[in-house]
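Inspection log for the structure reproduced underneath, given as structure tokens.
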Amino acid sequence: MNKVTLLTRIFPEGERVSEVVVEYDSEIDGSNLTPDSYAVEAKVGDTTVERTIKKVYANSSFDLVCSTNRGRFVIIELDHKEAVAKTLVFSSETFLSERPELIYTVTQKVAITTPEGETIAPFTLQNTDEKHLIVDDFQAFVYRDERSGVEVPYRFFAPRNVNPDKKYPLVVFLHGAGERGRDNFIQLVANKGAVVWAQPGHQALHPSFVLAPQCPRESSWTGVLSGGEPFEPNPELLALPHLIENLVSQHNIDSDRIYVTGLSMGGFGTWAITMESPHLFAGAIPVCGGGEVKKVDRIKHIPIWAFHAEDDPLVPVAFSRSLVRSLAERGGRAKYTEFLKDYLESQGWSAHSSWIPAYEDETVINWLFEQKRGQ
């Protein structure tokens, strides 16, 4: 029985359906396949939208590199820049992102042949499975903090071929407000904040563990003090140092190379967790966040690279400016990148999306892994 699987990847703007794979019972000769051999439609609400097919080829596996152009798997590459390729829907009412069921229909429009000359007649099928590139390499767990009783869903990535005689860094990623929940998935796919560290290229240079916890929808990483001042940590954030210590005891994690980064709500969380557990972290990258200026003395020894946009409409840039300024006045080790007004929107991104250029910058990635506690 033929089968259709959706492949998704995490692009700078988030998860998108980038390929559809048709798995046949017989080997396919792909030499005569063209984009016109198939049609792919995505159902969005009550509307069906046709996806643009860029390339079609046969393969012996789900591998996305065309080699012999023969095999039981036909890879249909789609235009990932299309709006319909997105998998998440953001609600301004709940301030949460949802991931509706992905319903795709694939039609083989023409008869195709096997290498033995057998003909496979046209057909129409719906997808029955999904594969999420890099995301599927993160294992799902739930941590229960015995001290507070708080439960924290989290995803955990381990580098391949771990040398038992070697220690590896750990990167902790704190998601934004839109990814709150208990599905233990959406915090990985809304942007590249978690998966960027697990990309094969970065793992080749900087093999590391990655931790991506999820905050419940009724909470946040930090609360708000009276008068609108941020940013007292909530129980979920306070449980994370215990979770990190637990992971260090179980895995080959270098306790001198534990890093934290986060965006928006997670940017607040990044400032807060370093201030609450300044002994734990060797470096931090808070993106469009904020924190308590009165606590910066606690973190002046931690290398920090903060990012914010001058015209961020959701989190005032003054939050990052005041923290970095206070750190500089106290001899802290802070770097700061501020994107000028209109820059992010000129790239096609929202003015709140400082994390896109931050996590796409190889200099930033390399800088973080250079940091070591006590150096």
Side-chain angles (χ1 to χ4, degrees), residues 10 12 14 134 138 152 154-157 168-179 187-199 202-203 205-206 208-215 220-222 231 233 236-237 240-241 243-244 247 253-254 257-278 280-291 299 302-309 312 315 319-320 323-324 327 333-339 352-373:
I10 312 304
I134 302 180
F138 284 74
V152 181
Y154 70 94
R155 288 284 186 140
F156 187 65
F157 173 89
Y168 299 85
L170 169 68
V171 182
V172 182
F173 169 69
L174 303 181
H175 63 78
E179 292 73 66
Q187 78 268 31
L188 296 180
V189 300
N191 47 66
K192 293 181 75 172
V195 301
V196 64
W197 316 100
Q199 289 179 188
H202 292 153
Q203 282 289 311
L205 290 175
H206 308 291
S208 62
F209 294 89
V210 186
L211 168 64
Q214 186 178 33
C215 184
S220 64
W221 295 125
T222 63
F231 309 95
E236 289 77 19
L237 188 81
L240 294 186
L243 167 57
I244 293 169
L247 292 173
I253 294 173
D254 185 348
R257 298 183 69 199
I258 298 174
Y259 312 115
V260 61
T261 183
L263 57 90
S264 195
M265 184 186 82
F268 290 106
T270 298
W271 286 108
I273 197 171
T274 54
M275 290 173 179
E276 292 301 317
S277 300
L280 198 57
F281 299 102
I285 302 176
V287 183
C288 54
I299 60 172
I302 300 176
I304 293 173
W305 193 344
F307 290 82
H308 218 125
D312 190 318
V315 180
F319 286 165
S320 288
L323 284 160
V324 173
L327 278 169
R333 304 175 63 185
K335 292 164 62 76
Y336 180 51
T337 297
E338 183 172 300
F339 301 109
H352 184 51
S353 303
S354 296
W355 55 85
I356 295 180
Y359 293 137
E360 288 296 296
D361 191 337
E362 298 293 327
T363 303
V364 177
I365 305 296
N366 294 333
W367 173 86
L368 188 65
F369 286 112
E370 289 169 0
Q371 310 311 314
K372 188 171 184 178
R373 191 174 60 168

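If you're wondering where the values come from, they're calculated on a predicted model, not measured in any experiment.
- The minimum heavy-atom distance between G283 and L368, with the atom names listed, is C-CD1, 4.0 Å.
- Side-chain contact check for W305 versus Q371: every heavy-atom pair is 4.5 Å or farther apart.
- A side-chain donor-acceptor contact under 3.5 Å links S354 to the backbone of A309.
- Counting heavy atoms from C-beta outward, L205 and F369 have side chains that stay 4.5 Å or more apart.
- Counting only heavy atoms from C-beta outward, the side chains of S264 and V315 approach each other to under 4.5 Å.
- Using a 30° and 60° split on the angle between ring planes, W355 and H352 fall in the perpendicular class, above 60°.
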Exercise. Report the C-alpha separation of L247 and Y154 in whole Å, then their side-chain angles, then the decisive distance to 0.1 Å, and conclude whether the side chain to side chain contact (heavy atoms under 4.5 Å, CB included) test is met.
Key: CA-CA 12 Å; L247 292 173; Y154 70 94; 4.0 Å; yes
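- Ring geometry for F157 against F138 counts as tilted: the plane angle lies between 30° and 60°, on a 0 to 90° scale.
- For the pair T363/N366, no side-chain contact is recorded, criterion being any heavy-atom separation below 4.5 Å from C-beta on.
- For Q214 (side chain) and V152 (main-chain N/O), no donor-acceptor pair under 3.5 Å exists by modelled atom type.
- In this structure, W221 and M265 have side chains that are in contact, with non-hydrogen atoms separated by less than 4.5 Å.
- The CD1 atom of I302 sits 9.0 Å away from the CE atom of M275 when rounded to the nearest 0.5 Å.
- In this structure, L170 CG and I258 CD1 are separated by 5.5 Å, a value rounded to the nearest 0.5 Å.
- Side chain of T270 to backbone of P286: no donor-acceptor contact under 3.5 angstrom is found.
- Using a 4.5 Å heavy-atom threshold, the side chains of N191 and E179 count as touching.
- Counted by atom type alone, S208 and Y259 present zero donor-acceptor pairs between their side chains at under 3.5 Å.
- Of the inter-residue distances, the one linking I304 atom CD1 with R333 atom CZ reads 10.0 Å to the nearest 0.5 angstrom.
- Among all heavy-atom pairs drawn from Q187 and A194, the shortest one is O-CB, 4.5 Å.
- Taking NE2 of H206 as the reference point, atom CD of Q199 lies at 12.0 Å (rounded to 0.5 Å).
- Between G269 and L174, the shortest heavy-atom distance links the atoms C-CD1, 3.5 Å.
- H175 and P213 get closest at one heavy-atom pair: CD2-O, 3.2 Å.
- Panel note: side chain R257, backbone A282; no donor-acceptor pair is recorded below 3.5 Å.
- Proximity of P303 to W367: side-chain heavy atoms (C-beta onward) are separated by under 4.5 Å at one or more points.
- Note that CD1 of I299 is 5.0 Å distant from CG of L327, once rounded to the nearest 0.5 Å.
- Here the side chains of I244 and I253 are not in contact, with every heavy-atom distance at 4.5 Å or above.
- Note: F268 and F319 have perpendicular aromatic rings, judged against thresholds of 30 and 60 degrees for the angle between ring planes.
- T274 contributes a side-chain N or O that, together with a main-chain N or O of W271, makes up a donor-acceptor pair within less than 3.5 Å.
- The two residues S320 and Y336 make their nearest non-hydrogen contact at CB-CE1, 3.8 Å.
- Taking NZ of K192 as the start and CD1 of I134 as the end, the distance is 7.5 Å to the nearest 0.5 Å.
- Between A212 and L188, the shortest heavy-atom contact is CB-CD2, 3.7 Å.
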